[in-house]
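To start, the structure itself, in structure tokens.
Quick caveat, the model's predicted, so the values are computed rather than measured.
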Amino acid sequence: MIAKIGKGSNMYGAILYNQQKVDRENGAVLLLNKIPDTMDGRYSVAYFNKCFEPYLSANIKTEKTVRHISLNPDPKDEVSDEQFTEMAQEYMERMGYGNQPYIVFKHTDIDRMHIHIVSTCVGIDGKKIPDDYDHPRSMAICRDFETKYNLHKATEQEQKQANKVFKPVDYHKGDIKSQIASVVRHLPKYYSFPTMGSYNALLSLFNITAEEVKGERNGQPVNGLVYVAVDENGNKASNPFKSSLFGKDAGVAQLQKHFEQSKEKMKTNPVRSVLKNTVELAMHTTSNEIEFRKQLTEHGINTIVRRNDNGRIYGVTFTDHESRSVWNGSQLDRNLSANVFNDWWNNGNKPELKTQDNPLSKTNTIDNQPTKDLFEFIPQEHSQNFDIGLFSLLPDAQGVDYKEETFAKRMKKKKRRLQ
């Protein structure tokens with residue numbers, strides 16, 4: 001079993017991500033801890049968010065108040081809802097969150113069933129619950145679960161793979177070929193992208209661009225691909241490298257197969273509607289491009305905008321690191337096309353999306369959610385916060401956990417001294 005701990009600054013986005021899966025029958029609520037149930041057993045994002053307000057409003061200093069944890073058994077493990085519930089309770093107790101409000105969601109939209117736990121690290125007194133060395137403690141709990149529930153053991157290699165981070169190319173460091181190789185050899189194994197344009201949008205996050213090279217050899221047409229490192233402004237910063245240097249997965253023929261497979265996979269991918277709603281919500285709740293990008297980045301979604309020399313936007317692509325898929329805006333909905341964003345960010349004409357398309361209007365109201373008497377203690381003066389900035393949610397391209405790395409290095413040094 002592998003656990004992942006996400007830390008963020010806004011509860012609403014964490015709940016929204018999970019509840020949307022429940023609403024689309026790709027998930028279920030398994031457990032509520034210190035959160036009052038509703039009379040009919042139905043929940044909404046706004047209801048759950050309001051249950052956390054007494055804790056969040058008492059906070060004074062803590063910036064990242066949200067804890068969003070996923071527990072991931074091996075795909076071959078068969079874990080019942082009761083076992084998932086027991087695991088969640090023991091995990092939260094041992095991590096120091098046993099007396100905190102939390103929600104346990106089960107996700108069923110991929111072959112590997114797993115659970116997500118949404119909670120806060122702020123106590124009702126406003127003080128932060130200590131989380132020193134939480135990653136090593138979390139790993140120890142997972143090892144105990146493997147024995148207790150007879151689960152497949154996560155090997156050291158699998159644990160490293162689960163925390164794999166693809167690093168952007170830094171042309172200043174040299175050895176650019178090796179840096180590019182460490183990215184392009186592996187991206188197709190993890191991400192779905194249906195076109196060369198979407199592939200380049202993904203590569204741009206790693207300071208790489210791919211260019212098709214067409215010509216003729218011995219009277220036969222030749223179609224190849226070269227990779228180039230770029231700087232922070234998108235300008236070329238290296239010589240081109242032939243795709244053959246990086247293996248067949250980086251070449252045109254194999255990529256074309258990947259494009260077709262991605263198209264078929266993404267046709268029925270339930271993440272499309274979730275991503276569409278998330279992007280539309282960001283459009284509703286932000287006033288400019290910088291705020292829009294920031295909000296989606298906190299959701300684990302990168303926005304890649306393509307402009308011509310005159311500054312006109314001709315392409316907008318969204319890379320969702322949770323589902324590991326790359327989508328053009330128009331692929332999600334015609335209301336998310338490049339023309340719409342160009343009219344907003346260049347001409348000041350913010351789009352007015354239809355009310356029924358707004359996820360808030362469907363399931364996130366609490367007017368029709370009668371609750372038990374325990375809910376009455378929640379103060380009413382705090383208004384709903386629509387800034388849904390989220391934790392870093394499994395984004396393979398979003399950086400390193402430096403605290404965990406520092407701890408690991410410190411432990412290695414101690415071992416050397418003992419020797």
- Message: Distance alone, cut at 3.5 Å: any donor-acceptor contact between the side chains of Y55 and Q100?
- Response: no
- Okay, side chain of R306, backbone of Y314: is any donor-acceptor separation there less than 3.5 Å? no
- Under 3.5 Å side-chain donor-acceptor pair for Y97 and T120: no
- Would you say the side chains of N26 and H107 form a donor-acceptor pair under 3.5 Å? no
- Task: Indicate yes or no: does D144 engage R94 in a salt bridge with an N to O separation below 4.0 Å.
- Result: yes
- Say whether N349 and N347, considering side chains only, have a donor N or O and an acceptor N or O under 3.5 Å apart. no
- Task: Flag yes if more than 12 heavy atoms outside K64 fall under 6.0 Å of its NZ atom; otherwise flag no.
- Result: no
- Task: Over all heavy atoms of both residues, which pair between I304 and A201 is shortest? Give the atoms and the distance, please.
- Result: CG1-O, 3.6 Å
- Message: Keeping D74 on the side-chain end and K76 on the backbone end, is there a donor-acceptor pair under 3.5 Å?
- Response: yes
- Are any side-chain N or O atoms of D333 and backbone N or O atoms of G329, one a donor and one an acceptor, separated by less than 3.5 Å? no
- Message: Please check this pair: side chain of K106 against backbone of T85, looking for a donor-acceptor N/O pair closer than 3.5 Å.
- Response: no
- Query: Which residues pass the side chain to side chain contact (heavy atoms under 4.5 Å, CB included) test with N33, sequence neighbours left out?
  - Reply: Y102
- Task: Look at the rings of H68 and H116 and say which category their plane angle falls in: under 30° parallel, 30 to 60° tilted, over 60° perpendicular.
- Result: tilted
- Note on the structure: M11 and S119 have their tightest heavy-atom pair at CE-O, 3.3 Å
- Query: Is there a donor-acceptor contact under 3.5 Å linking the side chains of N328 and T317?
  - Reply: yes
- Residue pair F341 / M283: nearest heavy atoms and the distance that separates them: CZ-SD, 4.1 Å
- Message: Testing the 3.5 Å rule here: is there a donor-acceptor pair between the side chains of N72 and S70?
- Response: yes
- Check whether any side-chain N or O of Q83 sits under 3.5 Å from a backbone N or O of S80 as a donor-acceptor pair, and report yes or no. yes
- Query: Counting N and O atoms only, with roles assigned by atom type, does the side chain of Q179 sit under 3.5 Å from a partner on the main chain of G174, one being a donor and the other an acceptor?
  - Reply: yes
- So, S198 and T195: side-chain donor and acceptor under 3.5 Å apart, yes or no? yes
- Task: Output all residues satisfying salt bridge (charged side-chain N to carboxylate O under 4.0 Å, His left out) with R312, sequence neighbours left out; order by chain, then residue number.
- Result: none
- Do the ring planes of F48 and Y43 sit parallel (below 30°), tilted (30 to 60°) or perpendicular (above 60°)? parallel
- Message: Applying side chain to side chain contact (heavy atoms under 4.5 Å, CB included), can you list everything that pairs with N269, at least two apart in sequence or on another chain?
- Response: V271, W327
- Examine the side chains of D23 and Q19 and answer whether a donor and an acceptor come within less than 3.5 Å of each other. yes
- Message: Determine whether a donor-acceptor pair (N or O, by modelled atom type, separation under 3.5 Å) exists between the side chain of D170 and the backbone of H172.
- Response: yes
- If you take all heavy atoms of F52 and V118, which pair is closest and at what distance? CZ-O, 3.8 Å
- Query: Counting distance only, does the side-chain N/O of R143 pair as donor-acceptor with the main-chain N or O of K153 below 3.5 Å?
  - Reply: no
- In short, R185 meets L245 closest at the heavy-atom pair NH2-O, 3.5 Å
- Value rounded to 0.5 Å, distance of NE2 in H284 from CG in N277: 9.5 Å
- The single option from K4, K7, R67 that satisfies salt bridge (Lys or Arg N to Asp or Glu O under 4.0 Å) with D134 is K7
- Is there any side-chain hydrogen bond (donor to acceptor under 3.5 Å, both in side chains) pair reaching into residues 229-239, and which pairs are they, with sequence neighbours excluded? E211-K236
- Query: Does C121 offer a backbone N or O that forms a donor-acceptor pair with the side chain of D131 under 3.5 Å?
  - Reply: no
- Starting from the C-alpha separation in whole Å, work towards a yes-or-no answer on side-chain hydrogen bond (donor to acceptor under 3.5 Å, both in side chains) for E291 and S287. CA-CA 7 Å; E291 291 179 0; S287 57; 3.0 Å; yes
- Item | Qualifying residues under salt bridge (charged side-chain N to carboxylate O under 4.0 Å, His left out), relative to K61, sequence neighbours excluded | none
- Query: Does the pair R42/D37 count as a salt bridge with the N-to-O cut at 4.0 Å?
  - Reply: no
- Provide the closest heavy-atom pair for F84 versus H114 in the form atom of the first, atom of the second, distance. CZ-CA, 4.1 Å
- Query: Looking at E264 and K257, does any basic side-chain N land under 4.0 Å from a carboxylate oxygen?
  - Reply: no
- Query: Would you say the ring centroid of Y191 lies under 6.0 angstrom from that of H321?
  - Reply: yes
- Message: Using the salt bridge (charged side-chain N to carboxylate O under 4.0 Å, His left out) criterion, which residues pair with D249? Sequence neighbours excluded.
- Response: none
- Message: Would F241 and Y227 count as a ring-ring contact (aromatic ring centres under 6.0 Å, His included) here? Give the steps.
- Response: CA-CA 5 Å; F241 297 91; Y227 292 89; 9.2 Å; no
- Message: For F193, is there any backbone N or O sitting under 3.5 Å from a side-chain donor or acceptor partner on S262?
- Response: yes
